[in-house]
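First the structure, in the form of structure tokens, and then the observations on it.
So you know, we letter chains A, B, ... as the sequences are listed, proteins then strands, and number each from 1.
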Protein chains: 2
Amino acid sequence: MAEAYYQRLTDRLRDALLLEHSSWVDADGKLPAERILAQRFKTTRVTLRQALAQLEGEGRIHRSNRRGWFVSPLRLEYDPTRDAGFNDYVTAQGRLPRTEVLSLATSPHAPAANALGLSVNHPFYHIRRRRYVDERAVLVESLWVVPERAPGLLEERFEFSLWKLLREQWHLSLSHRSISMVSEALQGTDASELGVASGTAGLNICRTIFDDAHLPVEYDEEHWLHDALSIRVELKGTH
Amino acid sequence: MAEAYYQRLTDRLRDALLLEHSSWVDADGKLPAERILAQRFKTTRVTLRQALAQLEGEGRIHRSNRRGWFVSPLRLEYDPTRDAGFNDYVTAQGRLPRTEVLSLATSPHAPAANALGLSVNHPFYHIRRRRYVDERAVLVESLWVVPERAPGLLEERFEFSLWKLLREQWHLSLSHRSISMVSEALQGTDASELGVASGTAGLNICRTIFDDAHLPVEYDEEHWLHDALSIRVELKGTH
DNA sequence: TACCCTTCCTGGTATAGACCAGAATTTTCA
DNA sequence: TGAAAATTCTGGTCTATACCAGGAAGGGTA
């Protein structure tokens with residue numbers, strides 16, 4: 001086949017976007033309404049939406065609730081193996097970080113218990129946060145900290161680095177960790193807290209952390225918008 | 001709103017899939033035709049396809065060209081920081097690996113040259129391979145090796161581990177590496193070599209490798225089907 | 001037996017139109 | 001002036017239908 005119309009449409013839209021947000025993208029990076037675009041490119045909304053979905057998959061544009069389509073900002077570079085705080089590396093890349101604490105609680109959590117090798121009834125400090133880059137919500141995360149490692153932790157503030165807290169206030173070493181990353185479709189609470197439709201592409205990052213003495217410290221799950229980050233890991237030495 | 005019909009459809013389909021491929025999924029893991037499913041769930045193909053796309057995003061099912069929808073196998077666990085060969089870790093997980101060499105050439109390549117700090121005209125040994133797990137093509141990769149590090153490399157066979165070759169035949173150490181991972185939409189050659197539609201969700205992994213003496217050795221790009229793998233990294237020691 | 005061709009099945013693309021629900025804006029009125 | 005209400009705009013969902021193109025399978029032919 002020559003090539004599907006929506007494919008050529010995708011290419012044309014992509015080119016237009018690369019033209020430094022030129023012509024028909026407004027100052028906020030907002031694209032014209034679907035109906036307008038469909039008309040302009042002489043096709044239906046359905047077909048146009050195929051092209052938009054394609055570009056969304058490429059991480060070039062994203063939708064915000066029912067407000068419209070927007071050009072996606074540069075991906076954030078992120079090294080999940082380092083324990084630099086979110087605020088630090090976002091700032092280091094010239095972006096504006098912000099963290100919101102969504103909830104604090106003490107309760108058991110089976111996946112965390114499993115990952116850390118504790119009994120399923122073991123209570124955890126549960127911290128749930130939402131994090132922004134340049135005022136765009138890019139991830140929600142849940143952290144489950146073993147209370148024995150950091151008694152009284154919930155009295156602290158969590159707008160900043162948890163690990164820094166654990167290191168400086170409780171002198172923990174966080175030496176052993178296992179990290180897993182899986183692509184996912186954001187759903188339920190995660191999707192709605194990020195203000196995206198259920199099914200939006202995301203990346204799930206889980207960490208399990210032990211200290212020097214191999215005592216379990218923390219388990220966490222991050223749910224990122226897929227287009228918001230680029231993972232980068234630097235390694236030295238053969239294994 | 002109560003909940004979109006296609007959302008409930010997604011849930012019902014997901015449940016049915018989790019029932020150990022029960023009832024209407026055949027032995028090969030093939031789902032019934034879209035038209036059949038649409039009829040069975042009393043909706044249109046368009047709406048049904050929304051639900052299928054949702055499950056595809058979750059990595060539960062995938063489409064094979066125009067043959068139909070299939071249940072996706074378990075994700076392969078993969079640690080990009082280790083240099084265990086593909087064949088080794090696929091086998092270790094009880095799966096069947098296979099590698100096809102698609103092309104061998106000697107030519108310059110700007111991105112590789114950039115990553116390795118060489119001039120853009122610098123020639124590379126270029127190896128392109130397609131790799132299978134249980135006879136499903138899950139990734140295509142291109143490797144650009146610096147000829148000075150492994151003279152005569154192209155005479156070898158590449159159905160197995162390149163790194164093993166470099167270590168054993170050329171005594172290279174591959175100590176310093178930078179790895180980046182980005183979600184992408186598979187396109188062009190990558191998509192067609194994997195037998196999927198342009199725009200299918202994928203994961204792009206790039207490595208830049210230097211040896212003990214900080215001499216550039218190799219640059220490679222892998223394009224994975226997003227539902228085929230789960231990244232897992234194990235780390236020891238604080239940074 | 002080996003190959004080619006036809007036919008059928010399946011997903012892929014596209015049209016045209018309708019109504020819904022949340023977000024943003026404007027208007028109204030206390 | 002300020003808050004509430006109505007309106008408009010935008011994407012989200014859905015129906016019904018049509019035709020296309022690649023894959024698979026069956027059957028016929030050399």
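B/R45 contributes a side-chain N or O that forms a donor-acceptor pair with the base of C/dG12 under 3.5 Å.
Between A/N65 and C/dG22, a side-chain N or O to OP1/OP2 separation shorter than 4.0 Å is absent. Between A/Y5 and the phosphate of C/dT13, there is no side-chain N or O to OP1/OP2 separation shorter than 4.0 Å. Applying the 4.0 Å criterion to OP1 and OP2 of C/dA24, one finds that A/R67 has a side-chain N or O inside that range. Residue B/R49 has a polar side-chain atom (N or O) positioned under 4.0 Å from OP1 or OP2 of C/dG12. At least one side-chain nitrogen or oxygen of A/T43 sits closer than 4.0 Å to the OP1 or OP2 atom of C/dT15.
Distance, B/K30 NZ to D/dG23 P: 14 Å, rounded to whole Å. Across the protein-nucleic acid pair, A/K42 atom NZ and C/dA14 atom P stand 17 Å apart, rounded to whole Å. Rounded to an integer number of Å, the gap from A/F70 CZ to C/dA24 C1' is 11 Å. With rounding to whole Å, A/R63 atom CZ is found 15 Å from C/dA23 atom P. Per the geometry, CG belonging to B/L37 stands 14 Å off C1' belonging to C/dC9, to the nearest Å. When rounded to the nearest whole Å, the span between CD of B/E3 and C1' of C/dC20 equals 15 Å. The distance between atom CD of A/Q50 and atom P of D/dG11, rounded to the nearest whole Å, is 17 Å. The separation between A/L52 atom CG and D/dT10 atom C1' is 13 Å, rounded to whole Å.
Taking the side chain as every heavy atom from C-beta outward, A/Q50 and A/Q54 never approach each other to under 4.5 Å. At a threshold of 4.5 Å between non-hydrogen side-chain atoms, the residues A/R14 and A/R60 count as touching.
Listed by first then second residue, pairs satisfying side chain to side chain donor-acceptor pair (under 3.5 Å) with a partner in residues 84-95 of chain B read B/R95-B/D134, not counting sequence neighbours. The ring-ring contact (aromatic ring centres under 6.0 Å, His included) pairs that include a residue from residues 39-71 of chain B number zero, where partners must be two or more places apart or lie in different chains.
Here the side chain of A/T44 is nearest to one of D/dG11, C/dG12, C/dT15, namely C/dT15. Closest contact between the side chain of A/R35 and the listed nucleotides D/dT10, C/dA14, D/dG22 involves D/dT10. The side chain of B/R66 approaches C/dT10 more closely than any other nucleotide in the set C/dA14, D/dG11, C/dT10.
Remark on DNA chain C: of its neighbouring residues B/E34 and A/V46, the 5'-side contact belongs to B/E34, judged by nearest-heavy-atom nucleotide.
For B/R131, the salt bridge (charged side-chain N to carboxylate O under 4.0 Å, His left out) partners are B/E141, not counting sequence neighbours. Residues passing the side-chain contact (heavy atoms from CB on, under 4.5 Å) test with B/S230, sequence neighbours excluded: A/V182, B/R75, B/E77. Every residue meeting the ring-ring contact (aromatic ring centres under 6.0 Å, His included) condition with B/Y219, not counting sequence neighbours, appears here in chain and number order: B/W144.
The number of heavy atoms from other shown groups lying within 6.0 Å of CG (B/L74) does not exceed 12.
The overall bend of the helix from C/dT1-D/dA30 to C/dA30-D/dT1, read as the angle between its terminal helix axes built from five base pairs each, is 10° when rounded to 10 degrees.
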